[in-house]
Amino acid sequence: MAKQFDIVFFGGMGDLALHKLLPAMYRCEVDSEYADDCRIILTSRKDLTGAEFEAKVKTSLVNELAADENVDINWPQFFARLECVSLNISEGGDEWVDFSSSFKGREDILRIFYLSIPPGIYESCSENLDKYKLISKTARIILEKPIGVDLESAKIINATVGKYFDEDNIFRIDHYLGKETVQNLLALRFTNILLDDVWDNRSIDHVQISITETVGLEGRAGYYNDVGALRDMAQNHLLQLLCLVAMEPPHEMNADNLRAEKLKILKALKPITEDNVTQTIVRGQYSEGVLNNQVANAYIDDLGSDFGGSDIETFVALKAEIGNWRWAGVPFYLRTGKRLKKRAAEILIEFKALPHAVFPAKFGKVQPNQLRIKLQPEEGIELTLMGKKMHDREMHLKPVTLSFDFADSFDGHVRPAYQRLILDVVDGNSSLFLHREEVEQAWSWITPILQCWEADSDSKPASYSSGSWGPLAAELMIEKDGRSWVEPGSK
């Protein structure tokens, strides 16, 4: 059913909007999700002529959409919805007066404000929305990550935005939660009795969650050098995926119950302190190397001479433990990094070895069963079991992978995460968004790690070559437990 709403993208001409948000909104047009008078308003720091605006948006769509998505077919009606507004978000004035006047007569229409801007100006943006009477009874606000840089700043942002919007109308977005495979993880866990009895420390040996990138700074030096991998990826994406793997079944699948169960996991995480930080976490920074047969710069070179060096981490690997009955003794190994060998996001669940070997070693090594949940670039689920080699008269054992590929299993295109999540905001469904308590509890676990690093001036990120899987110390961290990292995407 077509939906009626106005959506404002603050920072509408920025990289996130052009590369992710506008393609998502275009796909909503293709899927007939809009009522006739829906508006998409993009704010910009500078004036753009109509021709400049149209060319910039259309170019971004052509570059980002799949080859079989013909932009020209739906372009006229989509472009007719778009408005570009020159607006200084932090300061008030005539621009805000004109901006506010464009909403007159539309007070009863759902309003969505998407803050694709630095968190440092969330407060001034919210204040201006209130000052110029743009926060209607239907208004909702979407906050992009990161929500702060530590626990204290996260609390300030939540309190500031909370002065103007009720918690039910604040949607803190983590696009990984909108991926179809993540939704299938919940379906896999809570609808299949085959997995229910093995989803605990009696059967699972350990869990690996990896989000690896081949890109470097990609023009985000100013932002990234203030944040680093732990804040940028671990505090939100990695911990949220950990929660979905580890949470207890909610008694009913709705936003409040999902959040309550995830919050229990965050509270049960064993602290990482100065007593164990060097044993449980590794940080690294990429150096020059070879990636995709090309020489790749070191982080310092990508950063440029204006910064004069940096000790920020571009890689982090850590061992998390959950102090509850289900997961006691099961380590969760998390890692993320830039300029690594392959772009991938995966959850790997490795089960324990059988207590007794029935087949002699000469028939082949019996490997532990693995469940692999692939989030990107492909989306799917793989289960690796042991089987007999076909066509051999003798018994020869080998791992066999059962694959559930979404592209092969379902007709139609898989909805991108941002499209799914924005439509959930329109519907008022907050199941896949972060509650204030979740954000602050995650920061309460991450912040002591940052404090340990700051207190130890002699501790620096380990160097790793671009195109590798990260620093050697990350391999040693998991190997000392008798385990090893599994390469994402490998069989």
Side-chain angles (χ1 to χ4, degrees), residues 174-212 233-250 253 255 257-270 272 280 316-336 344-352 368-376 379-384 404 406 417 431-435 438 441-442 445-446 478 481 483 485-486 488-489:
D174 183 335
H175 71 276
Y176 271 83
L177 300 186
K179 290 180 177 290
E180 287 295 331
T181 319
V182 174
Q183 302 310 296
N184 260 289
L185 171 59
L186 295 176
L188 190 76
R189 282 203 56 194
F190 301 135
T191 63
N192 294 290
I193 196 169
L194 285 173
L195 292 177
D196 184 60
D197 281 345
V198 298
W199 209 267
D200 57 27
N201 56 8
R202 294 171 299 172
S203 300
I204 293 177
D205 179 77
H206 73 280
V207 178
Q208 297 181 24
I209 303 177
S210 300
I211 302 177
T212 60
M233 300 292 286
Q235 181 271 335
N236 38 70
H237 300 330
L238 288 174
L239 284 186
Q240 281 294 310
L241 294 176
L242 179 150
C243 287
L244 294 179
V245 172
M247 62 184 274
E248 293 297 314
M253 195 63 72
N257 292 333
L258 279 171
R259 288 167 166 179
E261 296 302 337
K262 287 194 290 177
L263 190 59
K264 289 178 186 177
I265 294 299
L266 291 171
K267 289 180 176 180
L269 286 171
K270 293 184 178 181
I272 295 178
T280 54
V316 67
L318 61 89
K319 176 183 176 181
E321 296 181 271
I322 300 170
N324 64 18
W325 279 43
R326 182 184 288 269
W327 297 109
V330 178
F332 284 69
Y333 298 101
L334 316 179
R335 65 172 170 173
T336 184
E346 288 193 1
I347 301 168
L348 179 93
I349 296 159
E350 185 163 302
F351 294 89
K352 290 184 176 179
N369 298 150
Q370 292 179 341
L371 179 66
R372 188 191 298 269
I373 299 150
K374 301 191 295 184
L375 305 176
Q376 69 179 28
E379 296 191 53
I381 296 169
E382 294 178 351
L383 177 62
T384 300
F404 172 26
F406 293 162
S431 299
L432 302 179
F433 295 84
L434 279 61
H435 189 274
E438 282 183 81
Q441 188 61 45
W445 191 71
I446 290 289
I478 190 171
D481 293 340
R483 303 180 177 96
W485 292 108
V486 176

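This structure is a prediction, so every number in the text was calculated from the model and none was measured.
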S.K.: Does a side-chain N-to-carboxylate-O contact under 4.0 Å join Glu248 and Lys264?
M.R.: no
S.K.: Give me the one residue out of Arg372, Gln376, Lys374 that meets side-chain hydrogen bond (donor to acceptor under 3.5 Å, both in side chains) with Glu346.
M.R.: Arg372
S.K.: Rounded at 0.5 Å granularity, tell me how far CD in Glu180 sits from CG in Leu185.
M.R.: 12.5 Å
S.K.: Working to the nearest 0.5 Å, report the span between CD1 of Ile349 and CD1 of Ile373.
M.R.: 4.0 Å
S.K.: Please name the pair of heavy atoms, one in Trp445 and one in Lys270, separated by the smallest distance, quoted to 0.1 Å.
M.R.: NE1-O, 2.8 Å
S.K.: Which residue is it: Ile209, Leu238, Thr212? I am looking for the one with a side chain to side chain contact (heavy atoms under 4.5 Å, CB included) to Thr336.
M.R.: Leu238
S.K.: Say whether, by atom type as modelled, one donor and one acceptor occur between the side chain of Ser203 and the main chain of Phe351 under 3.5 angstrom.
M.R.: no
S.K.: Return the set of residues passing side chain to side chain contact (heavy atoms under 4.5 Å, CB included) with Asn201 (not counting sequence neighbours), or none when no residue passes.
M.R.: Ala328, Val330
S.K.: How far apart are the closest heavy atoms of Pro250 and Leu258, and which atoms are they?
M.R.: CG-CD2, 4.3 Å
S.K.: Checking His435 against Leu263 for the side chain to side chain contact (heavy atoms under 4.5 Å, CB included) test, could you report, in this order, the C-alpha distance in whole Å, the side-chain angles of both residues, the deciding distance, and whether it holds?
M.R.: CA-CA 9 Å; His435 189 274; Leu263 190 59; over 6 Å; no
S.K.: Working note: Leu318 + Thr280, criterion side chain to side chain contact (heavy atoms under 4.5 Å, CB included); need CA distance, chi angles, decisive distance, verdict.
M.R.: CA-CA 5 Å; Leu318 61 89; Thr280 54; 5.8 Å; no
S.K.: Please name the pair of heavy atoms, one in Asp205 and one in Pro331, separated by the smallest distance, quoted to 0.1 Å.
M.R.: O-CD, 3.5 Å
S.K.: Check step by step if side chain to side chain contact (heavy atoms under 4.5 Å, CB included) holds for Val182 and Leu432.
M.R.: CA-CA 10 Å; Val182 174; Leu432 302 179; over 6 Å; no
S.K.: If you round to the nearest 0.5 Å, how far is CG of Asn324 from CD1 of Ile265?
M.R.: 5.0 Å
S.K.: Roughly how far, to the nearest 0.5 Å, is the CZ atom of Phe433 from the CG atom of Asp174?
M.R.: 10.0 Å
S.K.: Between atom CD of Glu261 and atom CG of Leu244, what is the distance when rounded to the nearest 0.5 Å?
M.R.: 11.5 Å
S.K.: Yes or no on side chain to side chain contact (heavy atoms under 4.5 Å, CB included) for Leu269 and Ile322, after CA distance, side-chain angles and deciding distance?
M.R.: CA-CA 5 Å; Leu269 286 171; Ile322 300 170; 3.9 Å; yes
S.K.: Could you tell me which non-hydrogen atom of Val316 sits nearest to which non-hydrogen atom of Ala234, and how far apart they are?
M.R.: CG1-CB, 4.5 Å
S.K.: Rounded at 0.5 Å granularity, tell me how far CG in Leu241 sits from CD1 in Ile347.
M.R.: 4.5 Å
S.K.: Pick out which of Leu334, Ile478, Asp481 makes a side chain to side chain contact (heavy atoms under 4.5 Å, CB included) with Lys319.
M.R.: Asp481
S.K.: Between the side chains of Lys262 and Gln240, is a donor N or O closer than 3.5 angstrom to an acceptor N or O?
M.R.: yes
S.K.: Over all heavy atoms of both residues, which pair between His237 and Ile211 is shortest? Give the atoms and the distance, please.
M.R.: CB-CD1, 3.7 Å
S.K.: Answer yes or no: is there a donor N or O on one side and an acceptor on the other, between the side chain of Arg335 and the main chain of Gln208, under 3.5 Å?
M.R.: no
S.K.: For the residue pair Met247 and Arg189, what are the closest heavy atoms and their distance?
M.R.: O-NH1, 2.7 Å
S.K.: Measuring only between side-chain heavy atoms, which start at C-beta, is Leu348 closer than 4.5 Å to Ser210?
M.R.: no
S.K.: Does Ile204 offer a backbone N or O that forms a donor-acceptor pair with the side chain of Trp199 under 3.5 Å?
M.R.: no
S.K.: For the residue pair Phe332 and Trp327, does the interplanar ring angle fall in the parallel (under 30°), tilted (30 to 60°) or perpendicular (over 60°) class?
M.R.: perpendicular
S.K.: In sequence, state the C-alpha distance, the side-chain angles, and the governing distance for Glu379 and Thr181, and then conclude on side-chain hydrogen bond (donor to acceptor under 3.5 Å, both in side chains).
M.R.: CA-CA 6 Å; Glu379 296 191 53; Thr181 319; 2.8 Å; yes
